[in-house]
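Structure, as structure tokens:
Whatever order the structure lists them in is the order used to number ligands and atoms, beginning at 1.
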Amino acid sequence: MRKLRTQRAIAVLASVLLVGGVAACGNSDTGGGGSKDDGKITMGFSQVGAESGWRTANTTSIKESAAAAGIDLKFDDAQQKQENQIKAIRNYIQQKVDVIAFSPVVESGWDTVLKEAKDAGIPVILTDRSVDSADKSLYKTFLGSDFVKEGRLAGEWLVEQKKGATGPVNIVELQGNTGAAPANDRKKGFGEAIAANPNLKIIASQPGDFTRAGGKQVMEQFLKANPKIDVLFAHNDDMGLGALEAITAAGKVPGKDITIITVDAVKDGMQALADGKFNFIAECSPLLGPQLMDLAKKVHAGEEVPARIETEETTFTQEQAKEALPNRKY
Ligand code: AHR
């Protein structure tokens with residue numbers, strides 16, 4: 001009898017430690033425990049991290065919109081690690097949340113955990129970035145930008161600017177983190193667009209991980225290795241802003257000696273554009289919170305939602321940035 005009680009106590013302790021361990025992944029304010037029975041929808045959200053101004057604005061949008069919509073949000077910051085996102089999603093499944101939403105740090109490797117959510121009857125919404133799963137029934141919808149289009153718009157602008165070029169135009173590219181949808185897609189769209197002019201050549205392309213530090217460090221290497229750089233295409237504003245420091249330190253004038261094109265249009269990027277340090281930005285909106293909460297309510301109610309919802313976006317020249325800056329929300 002005593003042996004049986006001891007065994008039970010060990011089993012209870014083990015399950016407490018297991019749940020605690022899973023909840024401890026990433027940087028989480030999930031609050032632990034299960035889904036509350038207070039009539040509120042509970043959403044488990046796994047965020048990529050806090051790598052950029054865009055990401056900070058996206059997190060704020062999600063948290064504020066959840067509060068405004070009366071949705072109980074459990075939020076986990078995965079600190080750029082897919083394994084942390086998978087742990088967080090498993091934690092949300094265990095807690096029996098009503099809806100899971102996440103922005104996948106990379107495109108591949110999600111099928112197993114998405115199948116676990118589906119088997120548990122918990123709908124999944126992809127936000128900002130998509131996954132490459134062939135089985136589209138693993139998630140209800142994907143809300144976010146068309147990253148290929150963003151790259152293409154950046155490339156088309158450059159083709160127009162350089163249409164009179166008679167010799168090679170040397171381009172360096174700062175990519176986002178390896179395997180991320182926006183890195184893959186922006187590279188693709190930009191490459192396809194600049195193929196229209198054989199003078200436009202990408203002479204170096206490397207990941208700067210969507211961070212200012214990464215952009216600065218890789219741009220320093222580009223500048224050392226390549227005496228003639230005409231254009232920088234950075235997959236986001238933050239890497240472009242980091243690169244500005246490297247360009248200035250190398251004695252070159254950003255926006256003049258080197259044409260700089262970025263993606264996002266966060267405030268600091270728009271300021272650099274208005275100041276003449278950047279030349280063009282393709283917008284990527286982080287304000288996905290209100291639409292996400294609306295979708296969560298619909299999927300929770302069993303309503304059909306479109307499989308793909310694309311964010312509305314624009315582009316900015318230096319003049320347009322000057323006009324838009326005073327009203328910019330992020
Ligand atoms: O997925 C969106 C991208 O991720 C943004 O362009 C970038 O700034 C962020 O880190």
Side-chain angles (χ1 to χ4, degrees), residues 26-27 45-62 77-82 84-85 101-108 110 125-132 142-155 173-190 207-216 218 232-244 260-273 278 280-289 291-292 308-316 328-330:
N27 182 359
F45 187 91
S46 169
Q47 180 61 290
V48 169
E51 72 281 6
S52 61
W54 189 100
R55 190 63 56 196
T56 307
N58 180 244
T59 293
T60 303
S61 170
I62 286 159
D77 175 341
Q79 298 170 11
Q80 313 296 321
K81 292 200 176 78
Q82 182 175 34
N84 286 347
Q85 290 203 293
F102 77 114
S103 172
V105 62
V106 290
E107 280 187 285
S108 304
W110 300 101
I125 300 174
L126 301 178
T127 132
D128 163 35
R129 302 178 179 182
S130 191
V131 298
D132 64 3
F142 164 41
L143 164 69
S145 311
D146 180 342
F147 299 131
V148 177
K149 186 168 152 196
E150 290 165 356
R152 192 170 55 240
L153 291 169
E173 181 181 32
L174 284 168
Q175 301 173 34
N177 61 290
T178 306
N184 296 340
D185 293 353
R186 287 172 187 163
K187 178 166 190 51
K188 181 173 187 282
F190 184 78
D209 296 338
F210 285 127
T211 66
R212 284 191 195 204
K216 182 178 177 206
V218 178
L232 163 65
F233 172 46
H235 288 189
N236 79 345
D237 286 340
D238 279 80
M239 289 191 294
L241 291 162
L244 285 183
I260 301 179
I261 306 166
T262 67
V263 183
D264 276 358
V266 295
K267 256 200 183 131
D268 289 354
M270 290 287 273
Q271 189 63 59
L273 186 61
F278 285 179
F280 187 74
I281 303 181
E283 187 186 35
C284 177
S285 174
L287 306 180
L288 303 176
Q291 277 173 294
L292 173 61
R308 172 76 170 104
I309 299 162
E310 204 182 306
T311 318
E312 274 180 34
E313 280 151 359
T314 184
T315 58
F316 294 96
R328 205 74 188 149
K329 288 203 188 74
Y330 55 91

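Ligand 1 lies within reach of Asp128, whose nearest heavy atom is under 4.0 Å from it. Not a single heavy atom of Asp238 sits less than 4.0 Å from an atom of ligand 1.
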Worksheet item: Gln175 and Met239: side chain to side chain contact (heavy atoms under 4.5 Å, CB included), yes or no, with the steps?
Response: CA-CA 9 Å; Gln175 301 173 34; Met239 289 191 294; 5.8 Å; no
Practice prompt. List the steps, then state whether salt bridge (Lys or Arg N to Asp or Glu O under 4.0 Å) holds for Lys149 with Glu313.
Written response: CA-CA 10 Å; Lys149 186 168 152 196; Glu313 280 151 359; over 6 Å; no
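Of the candidates Asn236, Asp185, Thr262, Asn177, Asn236 brings a heavy atom nearest to atom 7 (C) of ligand 1.
Side-chain contact between Asp268 and Arg212 is present, with heavy atoms from C-beta onward closer than 4.5 Å.
Using a 4.0 Å cut-off between a side-chain N of Lys or Arg and a carboxylate O of Asp or Glu, Asp146 and Arg152 do not qualify as a salt bridge.
Atom 3 (C) of ligand 1 has Arg129 NH2, 3.7 Å as its closest protein atom, hydrogens excluded (heavy atom only). Summary of contacts: the protein heavy atom closest to atom 10 (O) of ligand 1 is Glu51 OE2, 2.4 Å. Of all protein heavy atoms, the one lying nearest to atom 5 (C) of ligand 1 is Asp264 OD1, 3.4 Å.
Note that OG of Ser61 and CG of Leu288 are 6.0 Å apart. Values are rounded to the nearest 0.5 Å.
Against a heavy-atom cut-off of under 4.0 Å, Ser52 is close to the following atoms of ligand 1: 7 (C), 8 (O), 9 (C), 10 (O). Those atoms of ligand 1 with a heavy atom of Pro182 less than 4.0 angstrom away are 1 (O).
Under a cut-off of 6.0 angstrom, the local environment of NZ in Lys267 is crowded, with over 12 non-hydrogen atoms contributed by other residues, nucleotides or ligands. By the 6.0 Å contact criterion, NZ on Lys216 is open, its count of non-hydrogen atoms from other residues, nucleotides or ligands being 12 or less.
Of the polar atoms of Arg186, at least one N or O is found under 3.5 Å from an N or O of ligand 1, judged by distance alone.
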